[in-house]
S.K.: 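Before I ask anything, here is the structure I am working with.
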Amino acid sequence: MSEPVTDTTTRPRRILVLNGPNLDILGRRDPAQYGTVTLAELEAIVHTEAAVHDLEADFRQTNREGELVEWLHEALDDFVGVVINPAAYAHTSVALHDAVEALSVPVVEVHLSNTWRREPFRHVDHVATAATAVIAGAGADGYRLAVAHVASLVADPTD
């Protein structure tokens, strides 16, 4: 009779970092509002901060609302937390609100600019009402803060 096989490897804790429309052109789009940081630079910030907290980040960007919803559904089973910059969809998407609300993991919404200091239509944020926390107006550092906050919420108390 053979001994049972025991898996001694541990799977890294993963967070999902989602970016919505027009964030693929960061650095070129309205630098006065969004800064000069590129999406690739944001990704590097996220991976660095995640590593500090022994997390692995899965960083994605799309201009399509439905794809963001499908990715959020992945967080039902595969991720310990989510950071999302829904961009303009924050102000228009009940579907993103519903997808975030369905999650049992922490979700931190992040915006590079302070949306409440901008046009009145940006003062409505459907995702914020379902998110665990919102960080807005901190520029690129908002992503680092969002990852750190998710990490604090999913920390193993035995560590």
Side-chain angles (χ1 to χ4, degrees), residues 7 9-26 29 34 37-116 121-159:
D7 182 5
T9 62
T10 58
R11 193 168 163 194
R13 294 180 314 145
R14 297 178 351 151
I15 61 169
L16 183 59
V17 181
L18 301 179
N19 296 278
N22 298 312
L23 295 173
D24 55 326
I25 58 172
L26 282 175
R29 178 183 178 222
Y34 301 107
V37 67
T38 66
L39 190 65
E41 291 168 326
L42 284 178
E43 183 172 8
I45 289 166
V46 163
H47 287 297
T48 298
E49 187 65 24
V52 166
H53 301 284
D54 293 323
L55 295 171
E56 181 180 285
D58 186 338
F59 190 93
R60 305 176 191 180
Q61 187 278 330
T62 184
N63 293 317
R64 292 177 293 286
E65 179 182 18
E67 193 163 27
L68 285 169
V69 170
E70 290 170 356
W71 288 343
L72 283 165
H73 291 173
E74 289 181 37
L76 287 166
D77 299 314
D78 297 335
F79 297 92
V80 298
V82 175
V83 171
I84 183 170
N85 183 341
Y89 289 139
H91 318 295
T92 63
S93 181
V94 173
L96 283 179
H97 168 275
D98 291 351
V100 168
E101 190 174 60
L103 298 178
S104 60
V105 299
V107 178
V108 177
E109 180 181 0
V110 63
H111 290 280
L112 294 165
S113 67
N114 181 347
T115 56
W116 291 275
F121 70 84
R122 295 186 196 275
H123 299 175
V124 173
D125 188 331
H126 298 292
V127 176
T129 61
T132 307
V134 178
I135 299 169
D141 198 41
Y143 279 78
R144 184 190 61 74
L145 295 168
V147 170
H149 189 58
V150 167
S152 74
L153 296 172
V154 302
D156 184 350
T158 62
D159 284 346

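Index from 1, following the sequence.
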S.K.: Do L26 and L112 make a side-chain contact, defined as non-hydrogen atoms from C-beta onward lying under 4.5 Å apart?
M.R.: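 L26 reaches L112 side chain to side chain.
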S.K.: Atom CD1 of I15 and atom NE2 of H53: how far apart are they, to the nearest 0.5 Å?
M.R.: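 That separation rounds to 8.5 Å.
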S.K.: Please report the closest heavy-atom contact between V107 and I84, naming both atoms and the distance.
M.R.: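 Between these two residues, the closest heavy atoms are CG1-CG2, 3.9 Å.
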S.K.: Using 0.5 Å steps for rounding, measure from the CG atom of L18 to the CG atom of N85.
M.R.: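 That separation rounds to 10.0 Å.
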S.K.: Which atom names give the shortest non-hydrogen contact between S93 and H126, and what distance separates them?
M.R.: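 Smallest heavy-atom distance, with atoms named: O-CB, 3.7 Å.
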S.K.: Kindly indicate whether the side chain of I135, heavy atoms from C-beta on, has any atom under 4.5 Å from the side chain of Y143.
M.R.: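 I135 vs Y143: side chains apart.
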S.K.: Identify the two heavy atoms, one from A146 and one from V83, that lie closest to each other, and give their separation to 0.1 Å.
M.R.: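 Shortest heavy-atom contact: CB-CG1, 3.8 Å.
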S.K.: Could R60 and E74 be called an ion pair, given the rule that one side-chain N must be under 4.0 Å from one carboxylate O?
M.R.: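 Salt bridge present between R60 and E74.
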S.K.: CG/L96 to CG/D125 distance, rounded to the nearest 0.5 angstrom?
M.R.: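 Interatomic distance, L96 CG to D125 CG, rounded to 0.5 Å: 10.0 Å.
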S.K.: Determine, stepwise, if the pair W71 / V82 fulfils side chain to side chain contact (heavy atoms under 4.5 Å, CB included).
M.R.: CA-CA 10 Å; W71 288 343; V82 175; over 6 Å; no
S.K.: Between A140 and V37, what is the shortest heavy-atom contact and its length?
M.R.: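 Result for this residue pair: CB-CG1, 4.0 Å.
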S.K.: Which value, rounded to the nearest 0.5 Å, describes the distance between F79 atom CZ and L55 atom CG?
M.R.: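 Interatomic distance, F79 CZ to L55 CG, rounded to 0.5 Å: 12.0 Å.
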S.K.: Looking at every non-hydrogen atom in both residues, tell me the closest pair between T132 and P106 and how far apart they are.
M.R.: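 Looking at all heavy atoms of both residues, the closest pair is OG1-CA, 3.4 Å.
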S.K.: Between E109 and A128, is there a donor-acceptor pair closer than 3.5 Å when you use the side chain of the first and the backbone of the second?
M.R.: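 Checking the backbone N and O of A128 against the side chain of E109, a donor-acceptor pair under 3.5 Å is found.
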S.K.: If you round to the nearest 0.5 Å, how far is CG of L42 from CG of D141?
M.R.: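 Between atom CG of D141 and atom CG of L42 there are 10.5 Å.
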S.K.: With distance as the sole criterion, is a donor-acceptor pair present between the side chains of N63 and Q61 under 3.5 Å?
M.R.: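 The answer is yes; a qualifying pair exists.
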S.K.: So if I apply the side-chain contact (heavy atoms from CB on, under 4.5 Å) rule between V80 and each of R13, R14, E56, which one comes out positive?
M.R.: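 Result for side-chain contact (heavy atoms from CB on, under 4.5 Å) with V80: R13.
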S.K.: For a quick test of reading the model, state the closest non-hydrogen atom pair linking L68 to G20 and the distance between them.
M.R.: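 L68 and G20 have their closest heavy atoms at CD1-CA, 4.0 Å.
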S.K.: Mind checking whether H111 and H91 have parallel, tilted or perpendicular rings, split at 30° and 60°?
M.R.: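 Answer is parallel, since the angle falls under 30°.
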S.K.: How long is the gap from CG on D98 to CG on L103, to the nearest 0.5 Å?
M.R.: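 Result: 11.0 Å between the selected atoms.
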